[in-house]
Amino acid sequence: MKFGGSSLANTARIKNAARIVQRFLPENKMVVVASAMNNTTDQLVEIGELARKGENARVGKILSRIQTLHIKTARAASMKKTRRELLNLIDRLNMELEKTVEGISHLRELTPRSRDYLLSFGERLSTPILAAAIQNLGIKTRALTGAEAGITSDERFGEANPLAEVSYHEVRRRLEPMLSRSEIPVVTGFIAATVDGSITTLGRGGSDYTATLLGAALNTDEIWIWTDVDGLMTADPRIVKDARVLPTVSFGEALELSFFGAKMMHPRTMQPAEQRKIPVRIRNSSKLTLEGTLVSSEEIDNGGRVVKAVSMIRSVGIVTVQLALLGQGFVDKVVAEKDACIVAVVGSGMKGTPGVAARIFGAVARKKINVRIVAQGSSEYNVSFVVSEHEGPEAVRVLHDEFQLGPEHVWNC
Ligand code: ADP
Ligand code: ASP
Ligand code: MG
């Protein structure tokens, strides 16, 4: 089970996550993966940028907000017996975080390696707190970093690639004995370490990826991702008010959706699960009665529909390289533009169905939205295009309507 940042945003949410573990524990053995609390990672990113510029007053403010949040939550989420030990650990991590930030601001240098080290504090702080809250319910737990759990990666700081074979072997070696002692490993999502022990991160949204890696290594029956929405939806509910939950999605579709920004999942999240054919459930941690979305290897008929969902990636740039003669190596002009976004229309039913692109671009054109770049994925599960950032949400809504993805239309998948 993996809990996202919103599912661990405060003491009440952490206690709720602990109760979910307790609720499903009797009939399951499980490994828990924790994200950073709420938007801690975003704040750490900001701290890094500000420290590099020497803006120490602003750094200090955000830093103390993070430190206080974790101290307060640790105090409230733990029981008396283990509180002192937990608070000592949080203090130590807070101090280490402070020193890291001081280093960046002295040197005015933020390398990919030091940035990963800085970002790792989000999950390193949240994980022992969640472990303590679960322990509070009388369940044995052990908090571990990704590296302690056995996840080893290459040195591509910022977007590290896990070394699958060695990681799978180490994860089994380290976690299986805990599981057989009925001790729940609570593992930091998002972070791993190189062979020589330097902390790396798997890329933003990487906690879901940690969960599928651990699931694949241990060959679990299922991987559950608890989040703040009812499942994978036909569009981001913040953009389309009547977006609907997709009860079933294939790995291929989930991959395209995550690649194009849906649920802010790391694009490689589904890979380990797909390779081992382990179903992934995406569920709302506030609504346990809902089944959420089941992602599996089954290609389920989409009730005759070609499109399943529309997603969007914000804040992308366009680099236009103008050549003289194609293939001759003469670059005439290079132009960079900001403020664009990618909109993607996804669905396995699109494969081999004529006329989908015409409907997409017809609908967008009727709203007078200018399309800058067009691409079709090799899987033929998606058509994506680039528009100005401010027109992106409107393009998503138009296409959601065009392909009748809202709840007023009958679905039978
Ligand atoms: P977590 O903290 O649980 O990892 P994220 O913030 O990373 O959650 O992702 C969940 C958010 O993704 C939702 O709150 C929702 O606004 C957004 N989102 C974007 N596209 C989709 C989609 N197609 N289905 C569901 N959620 C989506
Ligand atoms: N905390 C990390 C992030 O915000 C990883 C995650 O939440 O999945 O990107
Ligand atoms: Mg996330």
Side-chain angles (χ1 to χ4, degrees), residues 1-10 13 16-17 20 33-46 66 115-116 118-127 146 158-160 187-192 200-213 224-247 249 253-269 281-286 290 292-293 295 307-314 341-347 382 392-393 396-397 399-400 405:
M1 282 188 179
K2 173 259 172 176
F3 292 93
S6 43
S7 302
L8 302 174
N10 51 42
R13 303 301 305 145
N16 176 67
I20 291 178
V33 175
S35 285
M37 287 179 74
N38 206 19
N39 60 348
T40 303
T41 311
D42 289 336
Q43 292 183 324
L44 290 167
V45 169
E46 203 182 340
I66 294 178
R115 189 174 184 271
D116 272 7
L118 173 65
L119 299 198
S120 74
F121 283 95
E123 273 73 8
R124 284 162 71 198
L125 282 160
S126 67
T127 300
E159 194 72 44
V187 183
T188 57
F190 182 50
I191 60 178
T200 55
T201 67
L202 304 178
R204 293 304 304 270
S207 295
D208 306 283
Y209 192 21
T210 303
T212 56
L213 282 165
W224 288 12
I225 293 177
W226 293 99
T227 184
D228 63 343
V229 278
D230 295 349
L232 212 47
M233 304 179 77
T234 50
D236 186 339
R238 286 175 301 188
I239 298 174
V240 178
K241 289 284 161 283
D242 64 350
R244 210 181 39 80
V245 177
L246 295 161
V249 168
E253 289 169 327
L255 188 143
E256 297 285 2
L257 279 170
S258 56
F259 190 78
F260 289 105
K263 214 209 85 50
M264 299 168 188
M265 246 180 323
H266 190 285
R268 276 176 291 165
T269 298
R281 279 184 199 278
I282 301 171
R283 300 185 62 174
N284 191 330
S285 62
S286 307
L290 301 184
T293 299
V295 186
V307 168
K308 235 176 186 177
V310 188
S311 63
M312 184 175 115
I313 311 182
R314 291 180 196 271
C341 70
I342 304 175
V343 176
V345 179
V346 176
N382 89 72
V396 171
R397 282 191 285 269
L399 293 168
H400 199 264
L405 301 180

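In listed order, ligands and their atoms are each counted from 1.
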Trainee: Taking only heavy atoms of Thr41, which atoms of ligand 2 are found under 4.0 Å from at least one of them?
Mentor: 1 (N), 2 (C), 3 (C), 4 (O)
Trainee: Under 4.0 Å, heavy-atom basis, I'd like to know which part of Ser35 is in contact with ligand 1: side chain, backbone, both or neither.
Mentor: neither
Trainee: What closest approach, in Å, do Leu257 and Ala309 show between heavy atoms, and which atom pair accounts for it?
Mentor: CD2-CB, 3.6 Å
Trainee: Please confirm whether Pro237 comes within less than 3.5 Å of ligand 1 when only nitrogen or oxygen atoms on both sides are compared.
Mentor: no
Trainee: Note the single closest protein heavy atom to atom 2 (O) of ligand 1, along with its residue, its atom name and the distance in Å.
Mentor: Gly5 N, 3.1 Å
Trainee: Distance to 0.1 Å, residue and atom name: give those for the protein heavy atom nearest to atom 21 (C) of ligand 1.
Mentor: Lys263 N, 3.3 Å
Trainee: With heavy atoms only and a cut-off of under 4.0 Å, state how His266 meets ligand 2: side chain, backbone, both or neither.
Mentor: neither
Trainee: Measure the distance from atom 6 (O) of ligand 1 to every protein heavy atom, then report the residue, atom name and distance (to 0.1 Å) of the closest one.
Mentor: Met264 SD, 3.5 Å
Trainee: When you look for heavy atoms under 4.0 Å from ligand 1, do you find them on the side chain of Val229, its backbone, both, or neither?
Mentor: side chain
Trainee: Quick check: does Asp228 get an N/O under 3.5 Å from an N/O on ligand 1?
Mentor: yes
Trainee: Measuring from the heavy atoms of Gly5, does anything fall under 4.0 Å of ligand 2?
Mentor: no
Trainee: Is the shortest distance from a heavy atom of Gly205 to ligand 1 less than 4.0 Å?
Mentor: no
Trainee: What's the shortest heavy-atom distance between Arg397 and Ile239, and which atoms?
Mentor: NH1-O, 3.0 Å
Trainee: At a 4.0 Å cut-off, with the gap strictly under it, does some heavy atom of Gly206 reach an atom of ligand 2?
Mentor: yes
Trainee: Look only at the side chain of Asn16 and the backbone of Ser285, and say whether a donor-acceptor pair between them is shorter than 3.5 Å.
Mentor: yes
Trainee: Would you say Phe259 has more than 12 foreign heavy atoms packed within less than 6.0 Å of its CZ?
Mentor: no
Trainee: Are any of the N/O atoms in Arg238 less than 3.5 Å from those in ligand 1?
Mentor: yes
Trainee: Under 3.5 Å, side chain of Ser126 to main-chain N/O of Ser35, donor-acceptor pair present?
Mentor: yes
Trainee: Has ligand 2 got any nitrogen or oxygen that is less than 3.5 angstrom from a nitrogen or oxygen of Gly203?
Mentor: no
Trainee: Could you tell me which atoms of ligand 2, counted from 1 in the order shown, lie closer than 4.0 angstrom to a heavy atom of Arg204?
Mentor: 3 (C), 4 (O), 9 (O)
Trainee: When you compare the side chain of His400 with that of Leu405, does any pair of heavy atoms fall below 4.5 Å?
Mentor: yes
Trainee: So, is Ser7 polar-close to ligand 1, with some N/O to N/O distance under 3.5 Å?
Mentor: no
Trainee: Within the 3.5 Å criterion, strictly below it, is a donor on Thr200 or Asp116 matched to an acceptor on the partner's side chain?
Mentor: no
Trainee: Any donor-acceptor pair under 3.5 Å linking the side chain of Thr293 with the backbone of Leu246?
Mentor: yes
Trainee: Any side-chain donor paired with an acceptor under 3.5 Å for Arg204 and Thr41?
Mentor: no
Trainee: Under 3.5 Å, is there a donor-acceptor pair between the side chain of Thr188 and the main chain of Thr127?
Mentor: no
Trainee: Which residue and atom name correspond to the protein heavy atom nearest atom 7 (O) of ligand 2, and how close is it?
Mentor: Ser35 OG, 3.3 Å
Trainee: Could you tell me the separation between the CZ atom of Arg268 and the CG atom of Asp208, rounded to the nearest 0.5 Å?
Mentor: 13.0 Å
Trainee: In this structure, does ligand 1 have an atom that sits under 4.0 Å from one of the heavy atoms of Ser207?
Mentor: no
Trainee: Who's the nearest protein heavy-atom neighbour of atom 25 (C) of ligand 1, and how far?
Mentor: Gly231 O, 3.4 Å
Trainee: Look at the side chain of Asn284 and the backbone N and O of Ser286, then say whether any donor-acceptor pair between them is shorter than 3.5 Å.
Mentor: yes
Trainee: I'd like to check which ligand 2 atoms, numbered from 1 as shown, lie under 4.0 Å from a non-hydrogen atom of Ser207.
Mentor: 5 (C), 6 (C), 7 (O), 8 (O)
Trainee: Using a 4.0 Å cut-off to any heavy atom of Glu123, which atoms of ligand 2 qualify?
Mentor: 1 (N), 2 (C), 5 (C)
Trainee: Taking distance alone, with N or O pairs closer than 3.5 Å, would you say Lys2 contacts ligand 1?
Mentor: yes
Trainee: Which is closest to atom 15 (C) of ligand 1 in terms of heavy atoms, Asp236, Thr227, Asp208?
Mentor: Asp236
Trainee: With a 3.5 Å distance limit and no angle check, can you tell me whether Glu123 reaches the backbone of Ala36 through a side-chain donor-acceptor pair?
Mentor: yes
Trainee: Do ligand 1 and Met233 have nitrogen or oxygen atoms that lie under 3.5 Å from each other?
Mentor: yes
Trainee: For a 4.5 angstrom cut-off between non-hydrogen side-chain atoms, does Leu8 reach Arg13?
Mentor: no
